[in-house]
Every structure is written in C-alpha cells, then in structure tokens.
Amino acid sequence: MESIWRRIDPRVRLAAAIGWAVLGLIGFAALVAAHLASDEAESRARADTQRLLGQFATQIRDALDGSLETRHQLLQATAAQLLASTDLGEASVRRHLGAVRAQFPEFEWIAVLGAGGRVAVSVGAEAIAQRELQVLPPPSAAAPGAVPQVQRRGEIIWAVPLSPPGGRYPGVLAARLSWGWLEGRERSLLQSLERGRNLEMLLVGADGTVLSGPDGSAGKPAPDAQAYAAGGAYLTGRDDATGGARGQAGPGWSVRVRQPDASALAPARATRRTVFVTVLLAGLVSAAAVVVMTQLLLRRLTTLARQAHEVRDGTRQALGLPRGRDEIGRIGAALAELVDHLQREKRALQTLNAELDARVAERTRRIERLADDARQAAVTRERLRLARDLHDTLAHTLMALLTQIRLVRKLRARWGEAELESELARAEEVAASGLAETRNAITQIRHNGVRESGLGAALQELLARFGERSGVATRLQADPAAAGVAGESAQTVFRIVEEALRNVERHAGAQAVEVELRSSARDGDGDGDGDAPRVHLVIADDGVGFDPALPRPGHYGLRGIEEQAALVGGRLRLHSAPGAGTRIELEFDA
C-alpha cells in the first residue's frame, strides 16, 4: 500500500502539488485577511475605548458633583431650618447640627460662625483651625444666596449665609467634608465601571494639581496627555468641563481615566488569531478537497503514467488510449502513437542485431585467421629485431675486428714487435667486447620476464644490469598501474627501452639515465566502463646529444625504435640537441 507521504509528496503527485499550492495561497490570504481585520478591529476598538473612557470620566465627574451638590443642598436646608426655628439657643443649634452630622458622618465638622467670623457653635471638632476659617468671607460680605466654597488638596469647605438681608442673626453656616469619604466615593464609582477593564483614574483640580490618583501621584502636577498614555501603553479619556452636569456649582475639577492598551485591545487582537485560524482551517479543508478532486480528475493521467512505466519495464507492449478529447486524451493518443513507433523500431533493431551477430561471427572467424597471420608477423618482427640486435652488437664487433686484422696484416712488416703486440691486444679487446655484448643480448632474450613480472619490474632489472655493465647511474619512476602492464605491447616497449639504453651506452657518453613510467585513465568509447589505461614512457639522459634533423647512415637503432613504437600504435617524440642530452617520449595504450 502506498505510503501517506507519497500520496502528499508534490514531487511525485500532481494532485498533491496542486493541493499544496492551494494551501499556500489560502495560508497567505489568511495572514493578509487576519492582518487587515485585526488592524481595522484594533482601530475601531481604540476609538470606541477612548470614547467609552471619556464617557466614564464624565459619569464619574457628574456623580462626584452630584454627591457634593446633595451635601450642599443639605447645608442650605439646614440653614433654612435654623432660620425658621424660634429657638436659636446654643444648645438647640448644637443639637440640630449634631443630628445632621450623625446622619451624614462624611462631614468632619459643622459650625455656625457669628460676627467677625468667630465660631459660635460647632459640632465634630473641639477646635476649628483658624486657617480653615480665613478662607471664608465675613458674613457681612456674603451676598444674598452666595455659596462660598474652598477646594484644596484634602479640603472641601462650604459656607452658607444664615441671615437674610435685614435679618437679626447675621452669620454663616460652615462645614467641611471628609476627603477620605470623597476618595471612597471615587473608588466605588470606578469599581462600578471596572468589569475587568483595569481602569485607573486621576482627579485633577482647577489649578492642574492631582487631587487623587494611584501610585503616589496625589499632590503632583497633572501629566500631559502623552505622558498619561505612557507612550501608547494606555488608552485615555477625560472630561475637562467645569461645573456640574445639571448646573450645580461644582469645584472646577476634571476627571481623567485610562485603561491598559493590552486589555483594551485584547478582543481586537484575538480577532487576528480567530480570523487566521478560521481561514487556515478552511484552507486545509479546501486543500484536502482540491487534492481529492484533482486525483479524481487526474485518474486517467495516473493510469497513463502507470502504463508508460509498464512499457518501460517491458511488461506491456502498448498503451491504452484514455477516454475523452481533453488534454489527457490528446497526450495519451500521442504517447500511444510514440510507443507503437518505438516498438516497431525495437523489432527492427532486434532483426538488425541478429544480422549483426551473424556478421560478428563471420568477422570473428576472419579475425582468428588474421590472428594466425599476426602471430606469423610477430615471428617475423622478432627475427628482424634479432637481426637488428646482431647487427648492432655482433656485426659491429666483427666488422671492427676484421678491420683491425686487415690493418695488422698490411702493416706488420713495418711495425716493430711492440707496435704489433699493441695492435693484437686491441683486436683481442674488440673481440672480447663483442663477445660480451652478444652474451648480454642472448641473456636479455632468454630472461625477458615482462609477461611474468610486469613492465615495471622488467625495466628495473634491465636498468640494474645496464648500470653494472656501463657504470651509468640509473633511476626508474613508475606508478603501480603503469608498472603492472604486462601485455604484448609491454614487451615491445621493453625492447624500445633496451634499444635506447644501447644507444646511450655507445653514443651518448652520459653520466645518468632516468626512465619514467606513468599511466592515466582513459574511456575511449564513452560506455563508462573504463578501457585500458594510457601509458606514458620517458627515457632521458644527460649525454652529448645530437641533431635529430641530420641523417644517420648505418645507424638503425632510432629507426628500430620508431618501427616498434608504430607496432604498439604509440606516439613517439624525440627531443635532443648537441650538448643537451636526449629525451624520448612514448605514449601508448596498455
């Protein structure tokens, strides 16, 4: 059963590639949609939150102003009751003021001030600080119906006139509200609006000083809008209108409310995730549906691909034509025609191969006959080589010996005994040298171990014998691949080196000879199997050298080297100059 990964691998299945492409497009669209939706939702949420915070500030200010107005009206009612009472004795006034403070404990003290601003009757304080009374105008200065009010940090003091114009009891009813009660009222209002919003509030006086707020901000100058927003970390709302919402005489303060950006915009930011997850899930479902639908639509193409593989493997001879006239049908028809054409060509090739096999068999028989001829030619070449060797060794020696004998016969009558003895000794030396060369040539013929030990070992032994015989320093450099060559071409190359060393010994006057043997890989037919290596041979000496362009009558050594190089199909190069030594390079196939 086909693995799940192979089913969704886009490199194997076209349907999977289409599904992944659709998924990628939908995922990208989900990111863009989530980003745009979240930006729009965040922008709207920011504006709505700022507008709501402004409404909260207005509600809190109105509630505080309403609470103060209620207490102010209470003082006015108390003043009216005192004026309407027939008993204005100190005990009666004190009892009346005590009842008011018992019902409204937020008043720290309530007092009646007489002429000159002196305290006539007070409730809630043993002694009222003089500084609290200095802010109040004297009763005579209070206009009818005036409501003097003082608001400082921690102080709210009211003064209500007690004597109407022409009254008999000029004075003022004064009271001070507890600042703790006001702050408690603020907290209560803020908590009623909280509902998980993490709201914070500042109450700012008319002089721009913070009257109450979090984190020890009370008593400090109110921050500007940017500082209060903390660089965008908070959303803010404020109500800077003075006076009560219903026209009451307020203290002129303002309320500022702020909410952390994270909590205020959390729903909008959650929208991003919701949109992305929703669109992505829809994309996954769509991609899966696309894969299924594409597989159904491409079923004929899958069948065509399977049949093509079977044709390639040889288990099927022809393609079935797919139904339909769409692209798949046209591709199937074209492939079926192509396969049929290839099958015909295959049968033609099989027929041709049979004919070629017959021809190869015939050629093989001819090659076997040619091999016999080649063996005869090899025997002939060996005879020629022996003739060259005898010519270069025994023939030269005998010629020199013959010349020496003839010279002795003609001049012996003129020579003295010492001269005759000297010439006979020289003739004997020539004969001994020729005998040694002849024996050496026979030894080399009898002990040629190229096929048994390889070209490298045979050359090493040859150089050793050459060095012992001639006193010339020798050196062999051969890599393992080239040293192991041991075919018929290796025997011919060995003969070339022999001839080159004889030339060095006789004519070069060299002090050192170096032979280099290396191989390189070769793949001549392009089948990738690797044919026989290409071998490079270099023979170099530091002798007197010669001019290769000059004719060399009577010398067959270099000509023999050229002939033997041609036998192995090698490429021979000769480099020499008078006084510059000689270098022979041969490149051949092992």
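Positions are given from 1 along the sequence.
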- Would you check, one step at a time, whether the test side chain to side chain contact (heavy atoms under 4.5 Å, CB included) holds for E106 with L182? CA-CA 9 Å; E106 56 266 27; L182 184 65; over 6 Å; no
- Task: Could you please spell out the steps behind the side chain to side chain contact (heavy atoms under 4.5 Å, CB included) verdict for R534 and D589?
- Result: CA-CA 5 Å; R534 192 77 171 168; D589 293 335; 2.4 Å; yes
- Message: Under the criterion side chain to side chain contact (heavy atoms under 4.5 Å, CB included), I'd like the reasoning laid out for E186 against I60: C-alpha separation, chi angles, the key distance, then a yes or no.
- Response: CA-CA 7 Å; E186 292 174 7; I60 293 174; 5.5 Å; no
- side chain to side chain contact (heavy atoms under 4.5 Å, CB included) between V255 and L203, worked out: CA-CA 5 Å; V255 176; L203 184 63; 3.8 Å; yes
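Under the side chain to side chain donor-acceptor pair (under 3.5 Å) test applied with E345, the options R347, H341, Q343 reduce to a single match, H341.
Distance check, rounded to the nearest 0.5 Å: OG1 of T236 to CZ of R256 gives 9.0 Å. L190 CG to F56 CZ: the interatomic distance, rounded to the nearest 0.5 Å, is 9.5 Å. In this structure, S254 OG and D239 CG are separated by 7.5 Å, a value rounded to the nearest 0.5 Å. Going from atom CD of E69 over to atom CZ of R71 covers 11.0 Å, rounded to the nearest 0.5 Å. Here R258 contributes atom CZ and E200 contributes atom CD; the two are 4.5 Å apart, rounded to the nearest 0.5 Å. With rounding to the nearest 0.5 angstrom, the CH2 atom of W253 is 7.5 Å from the CG atom of L211.
Closest of all the heavy-atom pairs between A482 and V535 is CB-CG1, 4.3 Å. Nearest heavy atoms, G124 versus W109: C-CB, 4.1 Å.
Residue R44 qualifies as open at atom CZ: its count of foreign heavy atoms under 6.0 Å is 12 or below.
By the 4.5 Å heavy-atom criterion applied to side chains, F107 and L177 are counted as neighbours. Under the 4.5 Å side-chain criterion, counting only non-hydrogen atoms from C-beta, E90 is not in contact with V112. Annotation: side chain of L53 is in contact with side chain of L199 (closest heavy-atom distance under 4.5 Å). Contact annotation: the side chain of D479 never approaches that of L517 to less than 4.5 Å [non-hydrogen atoms, C-beta and beyond]. Contact annotation: the side chain of L455 never approaches that of L537 to less than 4.5 Å [non-hydrogen atoms, C-beta and beyond]. The closest side-chain heavy-atom distance from L202 to P223 is below 4.5 Å. No side-chain heavy atom of L68 sits under 4.5 Å from any side-chain heavy atom of L64.
Formation of a donor-acceptor pair under 3.5 Å by the R238 side chain with backbone atoms of A57 is not found in this model. Side chain of R101 to backbone of E108: a donor-acceptor contact under 3.5 angstrom is found. One N or O on the side chain of T70 and one on the backbone of G66 form a donor-acceptor pair closer than 3.5 Å.
Residues Q55 and Q59 have side chains that never bring a donor and an acceptor to within less than 3.5 angstrom of each other.
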